[in-house]
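Below is one structure; the comments refer to it alone.
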Amino acid sequence: MAELTGDQMDFLAHERVARLATADAAGRPHVIPVCYAFDGKSFFIALDEKPKRVEASQLKRIRNILVNPHIALVIDRYSDDWSKLAYILVPGVATLIAPGSAGHSRAIGLLRERYPQYRTMAIEEQPVIAIRPSSVTAWGAIDRGSTTKA
């Protein structure tokens, strides 16, 4: 993966939500909004305590990652002023970092630093989704002062 520009890193730091696209073994897509942290090399997504219908290990995104680790992550900004539209598309490979394994505590720390809501949740008891980007595509007014960049 190529290095991200300073504008792209600023965009990722400023935007608060992404959309995670996974697919099952048959290729059926599943897309959900997620909170994320990025350390310059990998994206991290917590399995938090918001109400869910099933246990974390049975979430569709987790089941999909286990059978098909190829994902896409989209971080975007919408505005009614379309000169301010922007997104970063990150295709990559997702893995699960189990509690107690290398990198888990660091990922939890990054997520808690970025989202104060996670400081009171027991996210350290769950795996963390780690995404290693294979490429990055940026479009639009990533630098906030531009009208468009392709």
Side-chain angles (χ1 to χ4, degrees), residues 1-78 85-119 121-144 148-150:
M1 182 185 90
E3 284 286 315
L4 275 71
T5 67
D7 285 341
Q8 291 168 346
M9 291 294 289
D10 288 345
F11 183 85
L12 292 174
H14 181 268
E15 298 305 319
R16 305 293 291 161
V17 69
R19 280 81 179 158
L20 173 66
T22 62
D24 63 18
R28 289 181 294 263
H30 178 70
V31 180
I32 58 165
V34 294
C35 295
Y36 65 92
F38 181 61
D39 70 358
K41 294 191 188 293
S42 295
F43 289 85
F44 302 102
I45 300 167
L47 301 178
D48 60 37
E49 295 178 344
K50 291 189 297 292
K52 296 175 178 40
R53 294 184 192 143
V54 297
E55 292 294 319
S57 64
Q58 293 303 307
L59 291 168
K60 181 72 171 159
R61 70 197 94 152
I62 300 303
R63 291 181 289 138
N64 284 354
I65 288 168
L66 291 174
V67 299
N68 180 1
H70 300 279
I71 61 83
L73 191 69
V74 176
I75 303 94
D76 64 313
R77 179 180 60 241
Y78 178 80
L85 298 177
Y87 70 80
I88 293 179
L89 169 63
V90 181
V93 175
T95 58
L96 297 176
I97 305 173
S101 62
H104 188 268
S105 293
R106 184 170 175 278
I108 295 296
L110 290 170
L111 287 158
R112 283 184 168 151
E113 180 179 318
R114 186 163 160 80
Y115 299 97
Q117 300 89 331
Y118 284 155
R119 294 176 192 158
M121 292 184 184
I123 61 173
E124 73 280 357
E125 296 174 5
Q126 298 293 337
V128 171
I129 298 170
I131 298 168
R132 181 64 75 148
S134 54
S135 64
V136 173
T137 301
W139 175 88
I142 295 296
D143 69 358
R144 294 191 168 265
T148 58
K149 282 187 180 177

Contact summary for [X] and [Y], nearest pair of heavy atoms:
| X | Y | answer |
| --- | --- | --- |
| Ala23 | Asn68 | O-CB, 3.3 Å |
| Ile142 | Ala138 | CG1-CB, 4.0 Å |
| Ile129 | Ala94 | CG2-CB, 4.2 Å |
| Arg19 | Val31 | CB-CG1, 4.0 Å |
| Pro133 | Ile131 | CD-O, 3.4 Å |
| Gln126 | His104 | O-NE2, 2.7 Å |

Query raised in the report: What distance do Ile65 atom CD1 and Leu96 atom CG have between them, rounded to the nearest 0.5 Å?
Result: 5.5 Å
Query raised in the report: Rounded to the nearest 0.5 Å, what separation is found between the CH2 atom of Trp139 and the CG atom of Leu85?
Result: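 The CH2 atom of Trp139 sits 5.0 Å away from the CG atom of Leu85.
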Is there side-chain contact between [X] and [Y], with heavy atoms separated by less than 4.5 Å?
| X | Y | answer |
| --- | --- | --- |
| Pro127 | Leu47 | yes |
| Asp24 | Lys60 | yes |
| Val34 | Leu73 | yes |
| Tyr36 | Glu15 | yes |
| Phe44 | Ile97 | yes |
| Phe38 | Ile75 | no |
| Gln8 | Ile88 | yes |
| Thr5 | Asp143 | no |

Can you tell me if [X] uses its side chain to pair, donor with acceptor, with the backbone of [Y] under 3.5 Å?
| X | Y | answer |
| --- | --- | --- |
| Arg77 | Ala141 | yes |
| His30 | Leu20 | no |
| Arg112 | Ala107 | no |

Requested in this report: Might you work through the side-chain contact (heavy atoms from CB on, under 4.5 Å) test for Arg106 and Asp39, ending with a clear yes or no?
Outcome: CA-CA 10 Å; Arg106 184 170 175 278; Asp39 70 358; 2.8 Å; yes
Query raised in the report: Are Arg16 and Tyr115 linked by a side-chain donor-acceptor pair shorter than 3.5 Å?
Result: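 Distance-only check fails for Arg16 and Tyr115.
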